[in-house]
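The model shown is predicted, which means the values in this text are computed figures rather than measured ones. The basis for the numbers below is simple: all heavy atoms, side chains too, and nothing from hydrogens, waters or symmetry mates.
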Amino acid sequence: MKEPGRYLVTAALPYANGPLHIGHIAGAYLPADIYVRYLRLKGRDVAFICGSDEHGVPITLRARKEGISPQKIVDKYHAINKKGFEDLGIEFDIYHRTSAPLHHKTASDFFRKLYEDGEFIEKEEEQFFDEQENQFLADRYIVGTCPSCGYDQAYGDQCEQCGTSLSPKELINPVSALSGNKPQLRKTKHWYLPLDRYQEEWLEEWIDSHQNDWKANVYGQCKSWLNQKLHPRAVTRDLEWGVPVPVEDTDSKVLYVWFDAPIGYISATRAWAEEKGKDWEKYWKDEDTSMIHFIGKDNIVFHCLIFPSMLKAHGEYILPDNVPANEFLNLEGDKLSTSRNWAVWVNEFVEQFPDKIDVLRYTLAANFPEQKDNDFTWKDFQNRNNNELVAVMGNFINRALVLTKKYFNRQVPEVKELTDYDRVTLERARAIKNDLEDRIEHYKFREAVKIAMDMGRLGNKYLADTEPWSLYEKDPGRVATVLNLSLQLAASISIVIEPFLPFTAEKLRKFLNISKLDWGLAGQSNILEAGHEVNKPQHLFQKVEDQVVEQQVEKLQEARRKKEQQERGVEPAKENISFDDFTRLDIRVGEILEAEKVPKTRKLMKLKVDTGLDTRTVVAGIAEQFSPEEVRGRQVSIAVNLDPRRIKGIESQGMILMAEDAEGRLTFLSPGTKTQRGAVVK
RNA sequence: GGCGAGAUAGCUCAGGUGGUUAGAGCGCAGCAUUCAUAAUGCUGAGGUCGUGAGUUCAAGUCUCACUCUCGCUACCA
């Protein structure tokens with residue numbers, strides 16, 4: 001493999017409407033940081049780029065809800081996340097932001113170039129506009145009467161009642177969901193990127209060419225999309241918050257976030273280059289640059305299909321060499337979730353464990369979800385700290401330093417004569433270094449971190465086998481050699497752990513009284529000169545007590561409980577209806593006679609229900625939580641005068657009433673004691 | 001249902017182009033050892049490699065079917 005002249009490494013731009021948790025870190029930022037630190041140690045030319053993604057609808061909605069400007073929101077989270085990365089030792093060359101003027105200009109120019117080259121498909125359409133809110137309405141924000149079934153709460157994209165997919169214009173009496181007013185039809189123009197054409201022309205072929213060097217999950221995901229055929233994708237939106245579309249007569253149109261965000265990598269590189277007096281174009285337009293995108297799996301399509309399409313369409317840019325996307329990290333067996341507050345937040349961790357940043361980095365790296373989703377547990381955090389960092393690595397360093405102090409007054413002793421075993425040990429150290437390079441360059445970080453730990457194991461074994469403490473009386477010369485080599489190993493450790501444990505590496509360099517060393521020295525036998533004075537022995541890591549683990553797990557559960565309580569019963573009340581409206585509903589007590597799962601569906605169960613009036617068939621979405629056996633014979637509430645509706649080819653004549661809690665758990669509304677079939681519920 | 005990824009020791013995971021007794025770390029058991037935060041080193045137990053067929057002299061490794069898990073998507077709510 002040819003070594004590229006320079007690297008451009010990007011990490012996904014975090015969306016600036018919330019804080020970061022360890023899932024984000026394990027997915028993209030820590031692997032990227034490890035990779036970049038390694039490249040820097042090797043003296044390679046690398047630009048490490050990240051920043052906040054600050055546009056898009058969710059931010060505007062949040063701003064509206066909190067009654068502040070979108071800029072206030074993004075300012076807040078930009079600052080929090082920027083600091084979070086710094087605290088974790090994730091050292092971007094620049095942490096930029098997409099609300100910066102330079103980004104607006106870069107994205108704008110990019111669009112303009114494609115526009116002028118005629119790359120876009122231009123479509124003019126009529127869309128609904130809410131005059132009171134002064135904005136165009138997304139399909140989902142329009143409600144009206146369904147033309148095919150007459151349901152009056154159908155959405156602009158689909159009728160929930162009959163399942164017909166709709167366009168907003170088909171709705172009878174459309175109403176804006178934002179203001180409740182009647183929206184006006186207005187002409188609006190949008191631009192589309194012809195992904196379908198690119199698929200034919202080069203994109204699919206390009207993806208295929210990476211079958212062997214891209215990760216299986218990444219390649220597979222791309223193929224899945226290509227198999228389903230790509231479609232033109234709109235690159236603009238009618239919205240106020242974002243990068244204005246740089247074409248005449250396009251008031252209140254902005255670039256769609258997914259178009260604008262990846263260009264953020266480019267503008268960030270420009271900002272960095274300006275600051276450092278570098279040429280940004282070399283990093284983006286020179287074939288001798290290797291571009292690597294680190295992302296989570298949710299971002300694969302954008303980085304492997306859409307962004308490359310944009311770059312290629314522009315014409316001057318290189319395409320990524322690799323997109324090593326990770327899968328997701330779970331926490332204590334459950335999916336990380338911001339809304340359920342099931343997460344370890346970066347800012348909280350940093351506050352509570354300022355001296356354990358590297359332990360987190362180590363635990364995460366050892367558990368990176370590289371092939372499949374993986375789990376983070378506090379118990380594992382403790383085990384890895386106590387059994388690996390403390391017991392293996394910290395212990396070896398301490399042993400080497402204590403022995404040096406004891407026998408040589410903290411001076412690195414001179415090598416007298418190397419035995420075969422010494423040579424084998426040195427060879428092994430060099431092999432570790434080489435293995436490490438191989439793994440890191442192939443993005444196998446969890447293996448890499450284990451191999452780095454092997455350097456500590458090697459040291460422990462070396463001391464155990466040579467037993468310098470029982471030798472000093474008889475053969476001080478031998479002890480000198482052994483301790484010299486042990487200290488060389490310690491110095492090697494300070495090099496090879498730098499990508500994973502930068503704070504520890506720094507600490508270890510202080511112990512050894514040395515400055516930062518080049519990667520190439522790792523595994524060498526002459527890193528430290530004889531006579532060099534090392535510092536007093538200290539511990540590299542502290543143990544984590546059981547109590548700490550228990551506290552953290554308890555804290556997690558506590559936070560989740562609180563969140564759940566907060567959210568309990570949040571479903572807002574519907575509009576008032578008249579008593580007459582209510583009496584039109586006919587709800588009865590029915591008894592389920594038969595039940596079977598509807599084949600080829602996940603949730604649907606077909607029920608035969610005796611309503612007292614008749615026996616009828618009802619399809620209900622309960623199969624995920626109930627088995628046919630447990631519902632059979634059960635008395636339930638059933639709405640009997642609903643229009644029948646065909647679901648999966650079965651005519652459903654009514655609806656079983658269920659209560660659904662915040663977790664989505666369903667409960668039957670059954671009479672407290674058995675009662676007459678057909679009894680009226682009122 | 002469609003598409004994708006995964007299923008290998010108690011746990012977390014490695015196992016290019018098929019080839020002798022299937023590996024690592026942690027955990028567990030025994031032994032050794034004391035320089036070290038009872039840390040370390042050695043040895044060992046433990047696996048029908050999801051299930052069932054097939055290709056082959058030979059399959060964890062290739063083919064097909066099936067089961068289960070996760071994700072996207074559809075349907076449903």
Trace of the side-chain contact (heavy atoms from CB on, under 4.5 Å) decision for Q411(A) with H532(A): CA-CA 6 Å; Q411(A) 313 271 317; H532(A) 174 81; over 6 Å; no
Each stem that RNA chain B is part of, given as range with range (3 or more consecutive Watson-Crick or G-U pairs, under 3.5 Å): B:1-7 with B:67-73, B:10-13 with B:23-26, B:28-32 with B:40-44, B:50-54 with B:62-66
Near-ring test F302(A)/F307(A), centroid separation under 6.0 angstrom: no
Distance flag, aromatic centroids of Y35(A) and F294(A), threshold under 6.0 Å: yes
Inspect the contact between [Y] and [X] and indicate whether a charged nitrogen and a carboxylate oxygen are less than 4.0 angstrom apart.
{"X": "K223(A)", "Y": "D208(A)", "result": "yes"}
{"X": "R384(A)", "Y": "D380(A)", "result": "yes"}
{"X": "D422(A)", "Y": "R478(A)", "result": "yes"}
{"X": "R509(A)", "Y": "E506(A)", "result": "yes"}

Can you tell me how far [atom2] of [N] sits from [atom1] of [X], to the nearest Å?
{"X": "M455(A)", "N": "U40(B)", "atom1": "CE", "atom2": "P", "answer": "19 Å"}
{"X": "E327(A)", "N": "G4(B)", "atom1": "CD", "atom2": "P", "answer": "15 Å"}
{"X": "I451(A)", "N": "G23(B)", "atom1": "CD1", "atom2": "C1'", "answer": "13 Å"}
{"X": "N330(A)", "N": "G6(B)", "atom1": "CG", "atom2": "C1'", "answer": "14 Å"}
{"X": "Q538(A)", "N": "U37(B)", "atom1": "CD", "atom2": "P", "answer": "13 Å"}
{"X": "D546(A)", "N": "U37(B)", "atom1": "CG", "atom2": "C1'", "answer": "15 Å"}
{"X": "N460(A)", "N": "U34(B)", "atom1": "CG", "atom2": "P", "answer": "16 Å"}
{"X": "I300(A)", "N": "C72(B)", "atom1": "CD1", "atom2": "C1'", "answer": "10 Å"}

Geometric class of the H210(A)/W214(A) ring pair [parallel <30°, tilted 30-60°, perpendicular >60°]: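 Answer is parallel, since the angle falls under 30°.
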Side-chain N or O of R457(A) closer than 4.0 Å to phosphate OP1/OP2 of C42(B): no
Distance below 4.0 Å between N387(A) side-chain N/O and G27(B) OP1 or OP2: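 For N387(A), the contact criterion (side-chain N or O under 4.0 Å from OP1 or OP2 of G27(B)) is met.
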Looking only at atom [atom1], what distance separates [N] and [M], rounded to whole Å?
{"N": "C64(B)", "M": "A5(B)", "atom1": "P", "result": "13 Å"}
{"N": "C13(B)", "M": "U8(B)", "atom1": "P", "result": "9 Å"}
{"N": "C26(B)", "M": "U43(B)", "atom1": "P", "result": "13 Å"}
{"N": "A58(B)", "M": "U21(B)", "atom1": "P", "result": "15 Å"}
{"N": "C28(B)", "M": "C66(B)", "atom1": "C1'", "result": "36 Å"}
{"N": "G23(B)", "M": "A45(B)", "atom1": "P", "result": "12 Å"}
{"N": "G15(B)", "M": "G52(B)", "atom1": "C1'", "result": "24 Å"}
{"N": "A24(B)", "M": "G46(B)", "atom1": "P", "result": "15 Å"}

Identified side-chain contact (heavy atoms from CB on, under 4.5 Å) counterpart of L458(A) within the set L463(A), I493(A), L426(A), L489(A): L489(A)
For [X] and [Y], indicate whether the former's side chain and the latter's backbone hold a donor-acceptor pair under 3.5 Å.
{"X": "R399(A)", "Y": "G394(A)", "value": "no"}
{"X": "H21(A)", "Y": "G23(A)", "value": "yes"}
{"X": "D358(A)", "Y": "T504(A)", "value": "yes"}
{"X": "N535(A)", "Y": "K510(A)", "value": "yes"}

I want to verify a distance call: between [options], whose nearest atom is closest to the [X] side chain?
{"X": "W469(A)", "options": "C3(B), G41(B), U33(B)", "answer": "U33(B)"}
{"X": "A216(A)", "options": "C35(B), A5(B), C26(B)", "answer": "A5(B)"}
{"X": "N217(A)", "options": "C3(B), U40(B), A5(B)", "answer": "A5(B)"}
{"X": "K461(A)", "options": "G71(B), G41(B), U40(B)", "answer": "G41(B)"}

Using a cut-off of 4.0 Å on non-hydrogen atoms, how would the nucleic acid contact of [X] be classed: base, sugar-phosphate, or nothing?
{"X": "L458(A)", "answer": "nothing"}
{"X": "N395(A)", "answer": "base"}
{"X": "E388(A)", "answer": "sugar-phosphate"}

Aromatic Y443(A) / basic K215(A) pairing, under 6.0 angstrom, 45° off normal: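 So K215(A) doesn't make the cation-pi contact.
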Per-nucleotide protein contact string for nucleotides 7-14 of chain B (B base, S sugar-phosphate only, - none; heavy atom under 4.0 Å): -----SSS
Annotated protein contacts, base or backbone, on nucleotides 59-69 of chain B with a non-hydrogen cut-off under 4.0 Å, one of B, S, - each: -----------
Residue met sooner reading RNA chain B from 5', once W225(A) and K543(A) are mapped to nucleotides: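 Comparing both residues, the 5'-ward one is K543(A).
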Position toward the 5' end of RNA chain B (nearest nucleotide), A391(A) or V402(A):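 With A391(A) and V402(A) compared, the 5'-side residue is V402(A).
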